Amino acid sequence: MSALSYRDWDVWINSTYYDGRTYDGYFELTIVGTLMVPQTLEYLAESYEVRQRQFTRVARANPDIVRQTMHTEEGNLCLRVYDRLDTNADLAGLLRSLNSFLEAVGLATDSPLSSQKIRFISFHEGKLLVANRRSVGRGMAFELEERGTASQKLAEDLDYYLDHTDSNLVVGRRHYMTGMQLLGIEDAVTGLLDAAYMQFYQGCEALCRDPRGSLEPSKQHIAALQLPDSRDLQIIAHQVWRVRHKYFGHGDVAYNLEANLGQASAAAVARQVLVARYLCRRLIDAQAPSGAHLVREMNLAFGQACAAFMGSVQQLEEDFRVQFDGRTSKIYHANGQEIEEYTLA
């Protein structure tokens with residue numbers, strides 16, 4: 001289930017006409033033309049007119065009129081909804097209701113309808129409202145010391161990445177790179193941040209080599225690697241597994257609703273993708289010949305700044321803290337024996 005449907009919107013209003021009056025016109029819900037969307041919008045434009053969120057049967061045989069109805073002036077796909085705009089209305093509530101309506105239409109037509117821009121165009125006054133869906137800002141640096149590590153790894157680890165045929169490592173690397181690619185195009189549609197998290201998580205499962213992907217055997221595998229930061233990595237793994245089960249899998253409805261309460265809760269869950277990414281990358285590099293690991297600094301800005309996750313437990317308890325139950329993590333020795341417990345604050 002998608003955890004992060006919450007997004008803020010950047011809104012422009014025509015202040016000349018935002019004067020408390022109500023205007024007749026139509027909303028344009030600009031829609032990303034992914035799987036089956038163009039055919040769905042063409043069907044709707046040919047067969048229906050949408051007035052006040054209700055579908056009325058029409059018959060549009062003229063292809064030019066159909067194209068005009070299903071496209072904005074810029075040529076982007078859209079669903080046109082004839083309605084009235086009350087300039088006293090709560091804008092946030094209006095945008096939520098329009099997106100809920102679009103989601104319902106998508107469910108009814110079995111089509112992934114998702115809006116990136118909403119405009120209201122008055123019949124007489126023109127454009128009165130423009131709202132753009134705010135993306136999750138991403139920043140990825142390439143610091144001087146990271147470039148040095150990259151040079152070392154190109155010299156010493158390239159053949160390891162190229163020729164190593166260990167199945168778990170191959171699968172883990174594939175998941176990692178897919179997750180990175182999904183993060184790169186998250187602006188396109190809602191849900192790719194969630195998908196990226198799952199790719200990193202699945203990479204961790206493969207790299208930890210437990211056939212069931214269970215947490216405790218996975219932490220024991222991390223311990224057996226005898227890495228200098230083994231304790232921290234086990235605690236990080238504990239959070240990654242628990243967050244996955246509470247926010248990104250198994251249909252935990254209460255946590256899904258909590259994630260979308262507002263900007264702060266959505267941001268806290270969004271940041272977890274950086275934690276999962278760190279662990280996956282760290283496990284990929286665990287046995288590289290150079291002994292060096294490279295996790296380039298990456299930031300997410302969900303309406304507010306967020307530091308890069310660099311692998312410390314303190315970060316898990318501060319900037320990367322998120323609510324989940326079962327916060328006590330067992331810590332294992334390289335021989336597989338439990339040696340302590342740590343409870344995340």
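Quick note: numbers below take in every heavy atom, side chains included, and nothing from hydrogens, waters or symmetry partners. A quick note: this is a predicted structure, and the numbers were derived from the prediction, not measured.
Every side chain to side chain contact (heavy atoms under 4.5 Å, CB included) that E205 has, sequence neighbours left out, goes to Y201, W241. Qualifying side chain to side chain donor-acceptor pair (under 3.5 Å) partners for D159, counting only residues two or more places apart in sequence or in other chains: none. Applying the side chain to side chain contact (heavy atoms under 4.5 Å, CB included) criterion to S214, with sequence neighbours excluded, gives D210, R212, P217.
Within 6.0 Å of CD in Q314 there are 12 or fewer heavy atoms belonging to other residues, nucleotides or ligands. A 6.0 Å sphere centred on CG of D110 holds no more than 12 heavy atoms belonging to other residues, nucleotides or ligands.
Judged purely by atom type and a 3.5 angstrom limit, T87 uses its side chain to pair as donor or acceptor with the backbone of R21.
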Stepwise salt bridge (charged side-chain N to carboxylate O under 4.0 Å, His left out) check, R119 with E73: CA-CA 12 Å; R119 298 193 291 198; E73 289 182 357; 5.6 Å; no
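Using cut-offs of 30° and 60° on the angle between ring planes, the pair F123 and Y26 is tilted. Aromatic ring pairs are classed by plane angle as parallel below 30°, tilted from 30° to 60° and perpendicular above 60°; the pair F324 and H238 is tilted. Relative orientation of the Y176 and F200 rings is tilted, given thresholds of 30° and 60° on the angle between their planes.
With 3.5 Å as the limit, one finds a donor-acceptor pair spanning the side chains of S329 and K219.
For the pair R51 and Y82, the cation-pi test (distance below 6.0 Å, angle within 45°) is passed.
Screening Q54, R57, R60, R80 for a side-chain hydrogen bond (donor to acceptor under 3.5 Å, both in side chains) involving E49 leaves a single residue, R60.
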